[in-house]
Student: 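First, the structure itself, so that you have it in front of you.
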Amino acid sequence: MKECPCTSGKAYDLCCGPILEGKAEAPTAEALMRARYSACATGNIDFIMNSNEPESRENLSREAIEEWSRASDWQGLEIIKTGKGGSADSEGVVEFKAHYMQNRARFTHHELATFKKIEGKWMFFDGEQINEPAHRDAAKVGRNDPCPCGSGKKYKKCCGK
């Protein structure tokens, strides 16, 4: 059995698979978030579209979601925290980080997502992206250092203009 893309540690068939295939409903807001991530990872755009609350679906770009899904190498989902969203609740929030790569660059989508239960089914309602401060992985290039482009010139006389 293959591992679920949502990185729950469970097998796909025992985690997000039944939800994505319409054989089961997400019992919690977190379960729906995990299924939505797995839908991105597996290219199940219909699930992503249909798990949005109905009034917001007309504002979605299926093409943009499909392009993001296809162009990304999904690396894992990290649930930071949840608030409410249990089987007995009608609303819930899930803070998460979705890790992915595009063109050999690593990205993290950090969001606080709001979910609501509509007619007994959990639906994605809204999300607020959380911007984190950028950090530099490589050392800063000084003005008088050789230019990293390989020209042989000083940085200030080449790319640092």
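Here, residue 1 is the first one in the sequence, and each next residue gets the next number.
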Student: Between W122 (side chain only) and P27 (backbone N and O only), is there a donor and an acceptor less than 3.5 Å apart?
Tutor: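 Pair found, side chain donor or acceptor close to backbone of P27.
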Student: Atom CG of N50 and atom CZ of R36: how far apart are they, to the nearest 0.5 Å?
Tutor: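 If we round to the nearest 0.5 Å, N50:CG and R36:CZ are 10.5 Å apart.
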Student: Is it possible for you to say whether F47 and F125 belong to one hydrophobic cluster, with membership spreading through side-chain heavy-atom contacts below 4.5 Å?
Tutor: no
Student: What closest approach, in Å, do L32 and S51 show between heavy atoms, and which atom pair accounts for it?
Tutor: CD1-CB, 3.9 Å
Student: Would you check if there is a donor-acceptor pair between the side chains of E30 and T82 at a distance under 3.5 Å?
Tutor: no
Student: Heavy atoms only: give me the nearest F124-A113 pair and the separation to one decimal.
Tutor: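 Heavy-atom minimum between the residues: CE1-CB, 3.8 Å.
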Student: Should the pair Y100 and W74 be assigned to parallel (<30°), tilted (30 to 60°) or perpendicular (>60°) ring geometry?
Tutor: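 Because their plane-to-plane angle lies in the 30° to 60° range, the rings of Y100 and W74 count as tilted.
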Student: For residues I118 and P54, determine if any side-chain heavy atom of one lies less than 4.5 Å from a side-chain heavy atom of the other.
Tutor: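 The answer is yes; the side chains approach within 4.5 Å.
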Student: In Å, rounded to the nearest 0.5 Å, how long is the span from CD of E95 to NZ of K81?
Tutor: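 Atom-to-atom, E95:CD and K81:NZ are 5.0 Å apart.
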Student: Which atoms form the tightest heavy-atom contact between I48 and C40, and what is the distance?
Tutor: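 Shortest heavy-atom contact: CD1-SG, 3.4 Å.
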Student: Determine, using ring centers only, whether W68 and H109 are less than 6.0 Å apart.
Tutor: yes
Student: Do the side chain of R70 and the main chain of G43 share a donor and acceptor less than 3.5 angstrom apart?
Tutor: no
Student: Mind running side-chain contact (heavy atoms from CB on, under 4.5 Å) on R34 and I79 for me, showing each step along the way?
Tutor: CA-CA 9 Å; R34 289 185 175 281; I79 302 295; 3.4 Å; yes
Student: Identify the heavy atoms of T7 and L77 that sit nearest to each other, and give their distance.
Tutor: OG1-O, 2.8 Å
Student: Linking I/L/V/M/F/W/Y whenever any side-chain heavy atoms sit under 4.5 Å apart, do F96 and F107 land together?
Tutor: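 Same hydrophobic cluster.
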Student: Answer yes or no: is there a side-chain heavy-atom contact under 4.5 Å between E3 and Y12?
Tutor: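 Heavy-atom side-chain distance check fails, nothing below 4.5 Å.
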Student: Is a side-chain donor or acceptor of Q75 paired with a backbone partner of D73 at a separation under 3.5 angstrom?
Tutor: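 A pair under 3.5 Å: yes.
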Student: Do K154 and D145 have side chains that get closer than 4.5 Å, going by heavy atoms?
Tutor: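 No - every pair of side-chain heavy atoms lies 4.5 Å or more apart.
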Student: Taking the side chain as everything from C-beta on, heavy atoms only, tell me whether S38 gets closer than 4.5 Å to C4.
Tutor: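 Yes. Closest side-chain heavy atoms under 4.5 Å.
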Student: Under the criterion side-chain contact (heavy atoms from CB on, under 4.5 Å), I'd like the reasoning laid out for I80 against K97: C-alpha separation, chi angles, the key distance, then a yes or no.
Tutor: CA-CA 7 Å; I80 307 299; K97 291 182 179 181; 4.1 Å; yes
Student: Check whether any side-chain heavy atom of M49 lies under 4.5 Å from a side-chain heavy atom of I65, and answer yes or no.
Tutor: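 They are in contact (side-chain heavy atoms under 4.5 Å apart), so the answer is yes.
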Student: Backbone N or O of S56 within a donor-acceptor pair of the E53 side chain at under 3.5 Å?
Tutor: yes
Student: What are the two closest heavy atoms between S69 and A39, and how far apart are they?
Tutor: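 Looks like OG-O, 4.5 Å.
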Student: Decide yes or no for M123 and N52: does some side-chain heavy atom of the first lie under 4.5 Å from some side-chain heavy atom of the second?
Tutor: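 Of all side-chain heavy-atom pairs linking N52 with M123, none is under 4.5 Å.
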Student: Under the criterion side-chain contact (heavy atoms from CB on, under 4.5 Å), I'd like the reasoning laid out for E25 against I19: C-alpha separation, chi angles, the key distance, then a yes or no.
Tutor: CA-CA 6 Å; E25 294 294 333; I19 298 169; over 6 Å; no
Student: Can you tell me how far CD of E66 sits from OG of S61, rounded to the nearest 0.5 angstrom?
Tutor: 9.5 Å
Student: Using every non-hydrogen atom in the two residues, find where G86 and K117 come nearest and quote the distance to one decimal.
Tutor: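 Heavy atoms of G86 and K117 come nearest at O-NZ, 4.2 Å.
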Student: Given E128 and E111, is the side-chain contact (heavy atoms from CB on, under 4.5 Å) satisfied, shown in steps?
Tutor: CA-CA 5 Å; E128 178 183 335; E111 184 176 310; 5.7 Å; no
Student: Hey, are the side chains of D46 and R62 touching, using non-hydrogen atoms and a 4.5 Å cut-off?
Tutor: yes
Student: State whether a side-chain donor-acceptor pair under 3.5 Å links H99 with E78.
Tutor: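 Yes, a side-chain donor-acceptor pair sits under 3.5 Å.
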Student: Distance-only, no hydrogens or angles: does the Y37 side chain make a donor-acceptor pair with backbone N or O of G76 under 3.5 Å?
Tutor: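 Looks like yes, one N/O pair under 3.5 Å.
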Student: Going from CZ on R57 to CG on N59, what distance comes out if it is rounded to the nearest 0.5 angstrom?
Tutor: 12.0 Å
Student: Would you find a donor on one side and an acceptor on the other, under 3.5 Å apart, between the side chain of S8 and the backbone of K10?
Tutor: yes
Student: Any salt bridge linking E21 with K23? Criterion: basic side-chain nitrogen under 4.0 Å from a carboxylate oxygen.
Tutor: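 Answer for the salt bridge query: yes.
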Student: With a 6.0 Å cut-off (strictly less than), is the heavy-atom count around CD of E55, excluding the residue itself, greater than 12?
Tutor: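 No - once you tally the heavy atoms of other residues, nucleotides and ligands closer than 6.0 Å, there are 12 at most.
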Student: Could you check whether any side-chain heavy atom of F115 comes within less than 4.5 Å of a side-chain heavy atom of M33, counting everything from C-beta outward?
Tutor: yes
Student: Quick check against the 3.5 Å criterion: does D89 have a side-chain atom that pairs as donor or acceptor with the backbone of G92?
Tutor: no
